[in-house]
There are 2 protein chains.
Amino acid sequence: MAGNFQITDAEWEVMRVVWTLNQATSKDIADILWTKKNWKQATTKTLIGRLVHKGLLNTEKDGNRYQYRAAVNKSEGIKLFETKLLGRVCNKDIGKVIASIMAEATLSHDDITLLEEALQEKKNEAVDEVRCGCVKGQCLCKTVN
Amino acid sequence: MAGNFQITDAEWEVMRVVWTLNQATSKDIADILWTKKNWKQATTKTLIGRLVHKGLLNTEKDGNRYQYRAAVNKSEGIKLFETKLLGRVCNKDIGKVIASIMAEATLSHDDITLLEEALQEKKNEAVDEVRCGCVKGQCLCKTVN
DNA sequence: GTTATAGGTTTACAATCGTAAACGATTAAA
DNA sequence: TTTAATCGTTTACGATTGTAAACCTATAAC
């Protein structure tokens, strides 16, 4: 089931609501997205329909309407997007990308602690040199021209 | 000039080549993307055209053809995508997102060092609690009935 | 000089995306 | 019970994306 799905920006707004409420009706979702994005209910309905179709939302009948639930959890969804970011850069640059994200993020002391631990973890499996997986011409690891 | 541009997946492939070669002809790019993606030259040409149109590639005449150069540098491009990722989650979750990326990345000892330093930096500006900027209903920071 | 070739520009075209109205069925209100 | 509000489904429609062929022009080869 996991795999090759993708969540567009607009669909993501819907998923966030469902992830948060855990279970929601189209009205629940529409109300929130009206507040946030001024989307007409019709717009939200379309997005819900597409997500159901894609198998990203499950439905459970509840009278004349549905309760929607996420078919993929939030971490999976986020991870999918993380992977997309990492897929855009050379493996060797990922460290720098992480540093860059860190730089532009506001972090709490707890976050710092969390990351320090995570980093500590990574030390065990750190390599001397990350392997570049790029084709020649898409990163400088390979000699160009 | 910086701002509201966006680079699609396919366009990104072109940008990576230009960022790498620093300057390239359409043939340079097409050859590389043929190797990597089996794209016909026509496809690459279309992408180049769109990027020029968007102002993401600059042209410099060179005989009967152009030398293309990136109008935004790689870091900017990557940062744009990072921002997009961060925009999808609650500010409070960014620490966890970073940890998650770290977890799925292969890092070198040097990367670890770099990140340790970056983290150290962040300590100075770390806050007690990150402010959630979400609307109610899109993250659990706000009480949801 | 005529022709083949390479490079840029135009046109194409289906799929996806963002945004929404219209429609039909059903339930709740009057 | 007639009506109004609600909910899901269908249809709409322009913009963007992925993928490419066709075309036109200027060089390069003969």
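Each chain gets a letter, A, B and so on, in the order the sequences are listed, and its residues count up from 1.
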### Rounded interatomic separation in angstrom, taking NE2 from A:His53 and P from D:dT11
14 Å
### Query
Quick one: A:Asp62 CG to D:dT6 C1', roughly how many Å, whole number?
13 Å
### Query
Taking atom C1' of D:dT17 as reference, at what distance in whole Å does atom NZ of B:Lys37 sit?
13 Å
### Task
Measure from CG on B:Leu47 to C1' on D:dT19 and round the result to the nearest Å.
9 Å
### Query
D:dC7 phosphate, OP1 or OP2: any side-chain N/O from A:Lys61 under 4.0 angstrom?
no
### Query
Does a distance-only test, which skips hydrogens and angles, find a donor-acceptor pair under 3.5 Å between the side chain of A:Arg50 and the base of D:dT9?
no
### Message
Classify A:Thr43 by what it touches in the nucleic acid, base, sugar-phosphate, or nothing, heavy-atom distance under 4.0 Å.
### Response
base
### Query
For A:Thr59, does its backbone N or O pair with a side-chain atom of A:Gln67 as donor and acceptor, under 3.5 Å?
no
### Query
Whole-Å distance between D:dT16 C1' and B:Glu11 CD?
9 Å
### Query
Should B:Ser26 be listed as having a side-chain N or O under 4.0 Å from OP1 or OP2 of C:dG8?
yes
### Query
If you look at every strand shown and take non-hydrogen atoms under 4.0 Å, does A:Lys40 touch a base, only sugar-phosphate, or nothing?
sugar-phosphate
### Task
Could you pick out which residue, A:Asn64 or A:Asn38, lies toward the 5' side of DNA chain C when each is mapped onto its nearest nucleotide?
A:Asn38
### Task
Could you check if a side-chain atom of B:Arg131 sits within less than 4.5 angstrom of a side-chain atom of B:Asn91, using non-hydrogen atoms only?
no
#### Entry: Donor-acceptor contact present, side-chain B:Asp93 to main-chain B:Lys96, <3.5 Å
no
## Note on the structure
Looking only at C:dA21, C:dC17, C:dT9, the nucleotide nearest the A:Ala42 side chain is C:dA21
### Message
In whole Å, I'd like the distance from the CD1 atom of B:Ile29 to the P atom of C:dG7.
### Response
11 Å
### Query
Does A:Thr8 put a side-chain nitrogen or oxygen below 4.0 Å from OP1 or OP2 of C:dT16?
no
### Query
The side chain of A:Gln6 lies closest to which of these nucleotides: C:dC17, D:dT19, C:dG8?
C:dC17
### Query
Just checking A:Thr25: base, sugar-phosphate only, or nothing, at a heavy-atom cut-off of under 4.0 Å?
nothing
### Task
Decide whether B:Ser108 and B:Asp111 meet the rule of one side-chain donor and one side-chain acceptor closer than 3.5 Å.
yes
### Query
Looking at the side chain of A:Arg65, which of D:dC7, C:dG7, D:dT19 is the nearest nucleotide?
D:dC7
### Query
What integer distance in Å separates B:Ile48:CD1 from C:dT10:C1'?
16 Å
### Query
Within less than 4.0 Å of OP1 or OP2 of D:dT11, is there a side-chain N or O belonging to A:Lys45?
no
### Task
Looking only at side-chain atoms of A:Tyr66, point me to the closest of C:dG7, D:dT9, C:dA20.
D:dT9
### Task
Can you tell me the distance, in whole Å, between the CG atom of A:Leu57 and the C1' atom of D:dG8?
14 Å
### Message
Using the rule given for salt bridge (charged side-chain N to carboxylate O under 4.0 Å, His left out), can you reason through B:Lys79 versus A:Glu104, listing the C-alpha separation, both sets of side-chain angles and the distance that settles it, and then say yes or no?
### Response
CA-CA 9 Å; B:Lys79 195 157 299 177; A:Glu104 66 180 312; 5.7 Å; no
### Query
Going from CG on A:Leu107 to OG1 on A:Thr113, what distance comes out if it is rounded to the nearest 0.5 angstrom?
10.5 Å
